[in-house]
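Here is the structure we will look at, set down as structure tokens.
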Amino acid sequence: MIPAGFEYHRPGDIASAIGILQEHGDEARVIAGGHSLIPMMKLRMAEMGHLVDLQAIDELKGVEVGADTVKLGSMVTQHELITHDGLATAIPLIREAALQIADPQVRYMGTVGGNVANGDPGNDMPGLMQCLNATFELSGPDGNRSVAARDFYEAAYFTARGDEEILTRISIPVPGSGVRQAYEKQKRKIGDYATAAAAVMVGNGTASVAMTNLADTPVWSVSASSALAGGDVEGCVSEMLDAIDPVADNRGPVEFKKHVAAVMLRRAIDRAQSRAG
Amino acid sequence: MNEQTMTPGERAANLKGMGSSRKRVEDVRFTQGKGNYVDDIKLDGMLFGAFVRSPYAHARVVNVNKEAALAVPGVVAVLTAEDLAPLGLHWMPTLAGDKQMVLADGKVLFQGQEVAYVVAENRYIAADAAELVEVDYEELPVLTDPFEALKSDVVLREDLAGQTEGAHGPRKHHNHIFTWEQGDKDATEAVLGEADVVAEEMVYYHRTHPCPLETCGCVASMDKVTGKLTLYGTFQAPHAIRTVVSLISGLAEHNIRVISPDIGGGFGNKVGAYAGYVCSVVASIVTGQPVKWVENRMENLMSTAFARDYWMQGKIAATKDGKITGLWCHTTADHGGFDACADPTKFPAGFMNICTGSYDIPTAYLAVDGVYTNKAPGGVAYRCSFRVTEAAYFIERMIEVLAIKLNMDAAELRRINFIRKDQFPYQSALGWEYDSGDYHTAWDKALKAVDYEGLRAEQAQRIEDFKAGRTRKLLGVGLTHFTEIVGAGPVKNCDILGLGMFDSCEIRIHPTGSAIARLGTISQGQGHATTFAQIIASEIGLPADDITLEEGDTDTAPYGLGTYGSRSTPVAGAATAMAARKIRAKAQMIAAYLLEVHDDDVEWDVDRFSVKGAPERFKTMKEIAFAAYNQAIPGLEPGLEAVSYYDPPNMTYPFGAYICVMEIDVDTGEWEVRQFYALDDCGTRINPMIIEGQVHGGVTEALAIAMGQEIAYDEMGNVKTGTLMDFFLPTAWETPNYTTDHTVTPSPHHPIGAKGVGESPNVGGVPAFSNAVHDAFRPFGLVQSHMPHDHWRIWKIANGLGMHG
């Protein structure tokens with residue numbers, strides 16, 4: 001479990017980090033908490049000459065809770081998401097989901113930016129961000145741009161982020177009062193990726209549902225969301241089952257995963273709807 | 001308090017002897033990060049070894065090109081089978097009478113098999129260079145199913161071609177290893193033919209792995225000046241390793257010093273010899289420098305000794321009232337590419353013939369066929385005595401299957417078939433003499449403790465609620481009564497590589513009344529330094545706190561066969577008591593001399609000898625110890641020390657009653673252990689706190705095995721569970737609360753009546769968890785479903801029973 005050799009960089013600002021990425025092209029990768037990348041490097045499934053550590057960049061840190069929008073720096077850790085009271089009041093779904101990620105030790109290091117930017121279909125935050133209709137802010141050599149979470153994911157580990165871009169910030173609209181939320185995840189044990197997970201927001205005639213680890217990208221379904229907005233739970237489940245495309249792995253075969261997906265979604269909807277609005 | 005005024009009870013308490021929940025003395029260093037494990041050992045000029053391993057499960061090795069690896073700065077050597085062949089070390093003997101490649105000799109037989117060994121100045125260079133060794137493979141057909149392997153034309157072990165006789169008798173097929181038969185086949189078949197009821201079932205105990213937290217490793221250090229080899233390693237049997245190294249390397253045994261430092265868990269995984277040890281020794285001899293090899297987690301899971309993988313076809317016969325009349329079992333044992341099971345020589349299937357369990361079964365027959373496949377070798381006793389968990393799982397499933405067939409309560413079926421207290425010592429139909437037991441008392445205590453009747457009433461209500469659509473959760477009550485067979489063992493029938501399975505203890509009392517004891521065993525977390533000192537404290541009246549325990553250094557410790565199969569307390573613990581008694585016998589003579597009375601006129605009193613009828617006239621052990629070193633006592637040599645090599649007259653037979661109450665979600669396959677009650681009878685209890693810890697740990701490993709832990713292969717022989725993401729190792733989150741309880745039925749033949757406990761919880765735990773899953777679905781028609789009971793397999797049961805609409 002020893003990775004191939006690499007050069008380690010620790011820039012102090014975004015511009016320097018982008019400069020290093022430009023200089024080394026696909027030889028370089030940014031690293032946030034490292035909980036996806038480092039295991040891949042140790043397995044020698046990922047080898048890169050240059051590792052650009054974002055830990056020292058203050059611009060990437062901090063949680064801002066506004067009246068309409070929450071902004072999360074990409075280097076905010078899962079632990080900070082869980083312990084930030086203002087955030088928990090504004091969007092309780094984030095804490096609820098973050099508590100389902102890995103274990104406390106991993107959550108001290110793992111970041112929200114790393115979780116969403118890596119494009120790992122097993123990660124919980126991408127589906128959650130799609131459910132919340134978040135926007136990802138990217139900085140690159142050509143300046144800044146924004147991409148909706150719902151448009152960000154192309155395939156497993158492939159996203160709309162350019163090789164020389166860094167995900168700097170996540171903007172999330174604060175759901176209106178009356179929008180109730182729930183996150184349901186089935187996993188084999190602490191630290192596991194989801195067998196199936198569902199993020200649900202419903203209320204005020206609107207709804208949004210997204211699921212995790214049931215395709216090579218997170219799955220947010222407009223038709224499933226509209227069905228739920230119209231109060232049609234079984235319609236929502238049925239639309240979502242059409243949208244997902246799980247593959248068999250050690251968690252079980254496709255038939256099982258589809259069944260569990262439906263169960264998780266129904267339970268998330270039930271739990272969201274049973275909460276005080 | 002002084003020695004005159006303290007009561008005998010107070011003096012005994014001060015000793016912290018047997019029965020005291022003395023805190024573990026080892027934990028002072030472990031909890032402060034001051035343990036000394038193999039990977040902590042750093043020697044001057046130490047090199048590092050790393051393996052190139054096969055990505056294929058079955059392939060010819062056409063060519064190995066070392067050039068690119070050797071060109072890496074810092075690489076010292078790259079060893080292949082060709083380099084080891086002139087030394088005769090490209091193969092090594094296994095503990096099971098087979099031989100095993102050290103490095104791939106022309107072909108590989110399992111994924112992860114060692115192909116080349118890279119030696120470099122540090123572990124980073126070694127890892128980089130291992131990537132650069134170019135191996136040309138030619139893939140061969142892969143056999144992962146033992147039943148297929150016995151029919152296939154594909155020859156796995158070409159080196160054995162034409163050999164129709166193996167280490168354990170005739171071979172029926174080129175992929176067959178042995179057939180081992182016990183009991184009376186004809187009589188059993190006759191009983192089955194005449195029985196009122198016969199239940200038949202295939203019980204599969206899947207392949208898993210001990211997965212100790214510390215992986216296997218060693219540091220070999222050959223001193224070319226003294227000619228002495230020091231080998232530090234994760235060895236559960238350091239003396240046996242020394243002898244094996246001597247036998248296969250040709251080095252004289254007195255020139256080999258084997259040291260097992262602190263070991264981070266073994267569970268059977270560290271009993272055998274691995275290619276890494278041999279290659280490190282060779283590399284150190286060749287380079288004259290110390291060489292360290294420490295495997296990583298994936299290497300540990302993929303290549304070192306697995307456990308279980310037994311397909312057990314069973315038939316159990318009974319009268320219509322439920323009295324069992326016969327048991328038949330045919331096991332197909334998947335041993336992987338080499339037969340490297342760690343069993344006593346005469347027991348190629350271990351003590352699988354304990355499979356009549358806790359029951360008085362008059363007639364029985366067992367046959368085990370060992371088979372080669374393209375999987376890793378091993379077959380070790382993972383936290384159990386040799387194949388005893390397999391045996392216990394088999395009989396405890398068969399009892400449940402019979403209960404279904406008879407439409408009987410499984411607790412009652414057990415009760416009417418238990419061996420009665422008055423039948424001990426009990427001769428089993430498959431050849432064992434059970435030493436002692438009181439199963440009915442334990443069983444009744446367990447059922448009462450969990451309110452068994454209440455649980456069944458709750459379960460009946462739950463079934464009604466489920467059928468009425470009021471709940472989607474089922475309730476399972478998993479019952480187990482197990483009998484372990486531990487403490488291998490009598491030299492007359494137990495040996496490993498010809499080494500009798502006795503064990504040993506040497507005790508030296510220092511002049512000031514403290515002591516050091518050395519044993520042939522080695523703790524891997526069992527707490528020997530704590531418990532063995534307690535035995536000595538009770539036997540010779542010196543405080544346990546004043547007794548140092550040392551194990552694991554073959555230059556200082558007396559010869560012993562090591563720690564596995566719960567043998568330390570039954571064998572080395574007995575040796576400890578016997579050595580202590582020799583010391584006490586000499587102390588009695590010294591005391592009598594000092595008190596100026598005849599030897600027979602003094603009597604033992606907790607921590608002293610006193611004159612019979614005059615207890616105020618006494619000599620404490622502390623005083624006696626000093627006298628042993630400063631007085632010329634006629635007829636006695638100076639000093640106070642003793643050694644005992646103990647050959648036990650019989651195994652010991654710990655037993656227990658475990659009950660698991662489990663909630664199961666039929667829609668997701670998720671489960672939750674609501675209650676787990678573990679009653680253990682391990683005879684005399686030396687340290688109740690350590691026993692409780694052993695039970696907690698063993699039941700947790702049982703939970704892992706029953707509920708998810710496995711080494712799974714795909715049809716190409718690829719390991720699907722090579723990391724802890726997929727190999728289930730429970731954390732505190734997944735671990736339920738346990739209630740422990742006990743009865744005490746001492747072993748009649750053990751000097752202190754102790755039986756061993758470390759492995760009972762795994763033996764009893766696995767069937768308890770599995771039976772809970774089965775019991776939840778029994779009312780809906782489930783008879784048998786194979787472990788591990790992970791979410792999807794439980795879901796599949798529910799799905800198969802039509803529970804998903």
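Worth knowing before you read on, the calculation uses all heavy atoms, side chains too, and leaves out hydrogens, waters and symmetry mates. Nothing here was measured: the structure is a model prediction, and the numbers come from that model. Every chain is numbered from 1, with letters handed out A, B, ... down the list of sequences.
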* Starting from the C-alpha separation in whole Å, work towards a yes-or-no answer on side chain to side chain contact (heavy atoms under 4.5 Å, CB included) for B:D665 and B:E672. => CA-CA 9 Å; B:D665 182 330; B:E672 189 188 348; over 6 Å; no
* To do: Could you list the residues that satisfy ring-ring contact (aromatic ring centres under 6.0 Å, His included) with B:H696, not counting sequence neighbours?
  => B:Y738
* Could you tell me whether B:D39 and B:R123 make a salt bridge, using a distance below 4.0 angstrom between a side-chain N and a carboxylate O? => yes
* To do: Pull out the residues in residues 33-53 of chain A that come under 4.5 Å of chain B, heavy atom to heavy atom, sorted by number.
  => A:L43, A:R44, A:E47
* To do: Check the side chains of B:Y56 and B:N718 for a donor-acceptor pair under 3.5 angstrom, ignoring hydrogens and angles.
  => no
* Sort B:T668 into side chain, backbone, both or neither according to what part of it lies under 4.5 angstrom from a heavy atom of chain A. => both
* **Most chain B-contacting option - heavy-atom pairs closer than 4.5 Å, from A:D192, A:I2, A:I190** => A:I190
* Asked: CE/B:M302 to CD/B:E295 distance, rounded to the nearest 0.5 angstrom?
  -> 11.5 Å
* Asked: Taking atom CD of A:Q105 as the centre, does the number of heavy atoms from other residues, nucleotides or ligands within less than 6.0 Å exceed 12?
  -> no
* Applying salt bridge (Lys or Arg N to Asp or Glu O under 4.0 Å), which residue pairs with at least one partner in residues 717-734 of chain B are found, sequence neighbours left out? -> A:R188-B:D726
* Structure fact -> On a heavy-atom basis, the closest approach of B:S303 and B:E299 is OG-O, 2.7 Å
* Under the criterion side-chain contact (heavy atoms from CB on, under 4.5 Å), which of B:V294, B:N296, B:L301 is the partner of B:T215? -> B:V294
* With a 4.5 Å limit on heavy-atom distance, are the side chains of B:P788 and B:Q709 in contact? -> no
* Asked: Applying a criterion of heavy atom separation less than 4.5 Å, what residues of residues 251-274 of chain A form contacts with chain B?
  -> A:R251, A:G252, A:P253, A:E255, A:F256, A:H259, A:V260, A:V263, A:M264, A:R267
